[in-house]
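Just the heavy atoms: all of them, side chains too, but no hydrogens, waters or symmetry mates, feed the values below.
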Amino acid sequence: KSAQIVQEAWPHRPQRPAGGGMPLASWGMTTRDDAQDTSTTTTTGGGVATTTGGATATTTDTGAARRRTAVVTGASAGIGEATALSLAEDGWDVVVAARRRERLEAVATACRDLGATAHPIELDVTDQASIDRFAAAVRALGGGVDLLVNNAGGARGLDPVLDADVDDWRWMFEANVMGTLQVTRALFDELAAGVAPQVINVVSVAGRGAYRGGAGYNAAKFGETALTDVMRMEFAERGVRVCQIDPGRVATDFSLNRFKGDAARAEEVYADKENLVAGDIAEAIRWVAARPAHMDVESMMIRPIDQV
């Protein structure tokens, strides 16, 4: 089952032989075991971080070593799921968060099969009480937070401004802007205590340019872009890096959710087009997450070749 989940997230991913015989470097990825010749060491007041192409193993001042932990929201499907799997394979332990418990359990199992410690924790980013419970559960794990991937969010509707459903607009603002704000605030102390902490916000090309029918989603994503820019300014003095990833058209359940289960309408979005897949975005996130502490990748826009 977990192997099927990985294949669905990365349909173009080369398959490793049983036992992991093909190094990840052969398809553009590295793990700590594969990247001994690319290691870097950073020393701070909080300890020593050794980065080897992927996750960083942190050695504290007492000499105790721990694996780094990533929190991924919206991790039950699509980009969030693929990101959790990619980070797990790259040596991170992961906290996978979303509303669908059954799907989270499946993703967590797949991450464990890749050698990671994985914790599935339910989270609704539009509900402050849910965020508070989630943050308390993460703190209770005791492993800290080194990377937060704010991926939860989405779109509802594709209506002209004069026909807009204001409830859909409110949900989009809550899910994309307020959710990113509130989850980040709830986990910030855990992040700031780390050696090389980072926040990666998965936003959208819709936060860089408007389009007909997209005003509600555009407004939410432009808001999330502004939030991310100010996070970067304000968090730098605390040593927390902030990156924005802007995916273009990615063939996931995004459009199915946008059109509230209308599969035929959702399929039209991707039909006869050169679409990205979730693993394409996850690979970008994996790369950004592996950068050394002094390096802040501010933003990355990723489109399929025919989305111009």
Side-chain angles (χ1 to χ4, degrees), residues 1-10 13 15-16 18-25 27-36 39 49-59 64-98 100-123 134 137-151 187 190-191 194-198 200 202 278-279 281-290:
K1 177 66 175 178
S2 60
Q4 179 184 350
I5 289 173
V6 173
Q7 178 59 23
E8 288 173 352
W10 283 302
R13 172 182 182 267
Q15 296 302 296
R16 303 180 77 184
M22 184 173 71
L24 293 176
W27 49 286
M29 293 176 64
T30 55
T31 66
R32 287 179 294 178
D33 292 335
D34 295 330
Q36 295 302 315
S39 63
T50 302
T51 303
T52 55
T56 301
T58 300
T59 303
R66 70 170 178 86
R67 287 160 59 92
R68 300 190 74 199
T69 299
V71 173
V72 183
T73 70
S76 61
I79 292 170
E81 175 188 18
T83 296
L85 293 167
S86 182
L87 293 172
E89 188 154 24
D90 216 23
W92 293 79
D93 290 334
V94 293
V95 175
V96 290
R100 294 180 288 178
R101 181 73 191 191
E102 183 177 344
R103 283 291 307 156
L104 280 182
E105 292 284 359
V107 174
T109 297
C111 290
R112 294 180 191 120
D113 288 346
L114 294 169
T117 298
H119 304 278
I121 305 176
E122 289 182 60
L123 172 65
F134 172 75
V138 171
R139 287 191 292 270
L141 295 174
V145 176
D146 302 284
L147 170 65
L148 170 60
V149 181
N150 283 309
N151 172 70
L187 296 178
E190 295 289 310
L191 278 163
V195 173
Q198 188 168 194
I200 299 177
V202 181
I281 308 305
E283 169 63 10
I285 294 170
R286 181 212 67 82
W287 181 84
V288 172

Q: Take Leu187 and Val71 through the side-chain contact (heavy atoms from CB on, under 4.5 Å) test and state the conclusion after the steps.
A: CA-CA 10 Å; Leu187 296 178; Val71 173; 4.1 Å; yes
(Q) side-chain contact (heavy atoms from CB on, under 4.5 Å), that's the test. Do Ile285 and Ser86 meet it? Break it down for me. (A) CA-CA 9 Å; Ile285 294 170; Ser86 182; over 6 Å; no
Q: Give the C-alpha distance, both sets of side-chain angles, the deciding distance and a yes or no for side-chain contact (heavy atoms from CB on, under 4.5 Å) between Ile79 and Glu81.
A: CA-CA 5 Å; Ile79 292 170; Glu81 175 188 18; over 6 Å; no
Q.
Before you tell me yes or no, could you show the steps for Leu148 and Ile200 under side-chain contact (heavy atoms from CB on, under 4.5 Å), namely the whole-Å CA-CA distance, both residues' side-chain angles and the distance that decides it to 0.1 Å?
A. CA-CA 6 Å; Leu148 170 60; Ile200 299 177; over 6 Å; no
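Here the side chain of Arg112 pairs a donor or acceptor atom with the backbone of Ala118 at under 3.5 angstrom. When atom types are taken as modelled, the side chain of Arg68 and the backbone of Ala196 share a donor-acceptor pair closer than 3.5 angstrom. Looking only at distances, a side-chain donor or acceptor of Arg67 sits under 3.5 Å from a matching main-chain atom of Gly91. At distances below 3.5 Å, at least one donor-acceptor pair connects side-chain atoms of Asn151 with backbone N or O atoms of Gly74.
Arg103 places a side-chain heavy atom less than 4.5 Å from the side chain of Val107. For the pair Val95 and Thr69, the minimum side-chain heavy-atom distance is below 4.5 Å. Residues Leu147 and Pro197 fail the side-chain proximity criterion, which asks for heavy atoms closer than 4.5 Å.
Listed by chain and number, the residues in a side chain to side chain contact (heavy atoms under 4.5 Å, CB included) with Arg139 are Ala135, Ala136, Glu190 (sequence neighbours excluded).
Checked for salt-bridge contact, Glu122 and Arg100 miss the test: no charged N lies under 4.0 Å from a carboxylate O.
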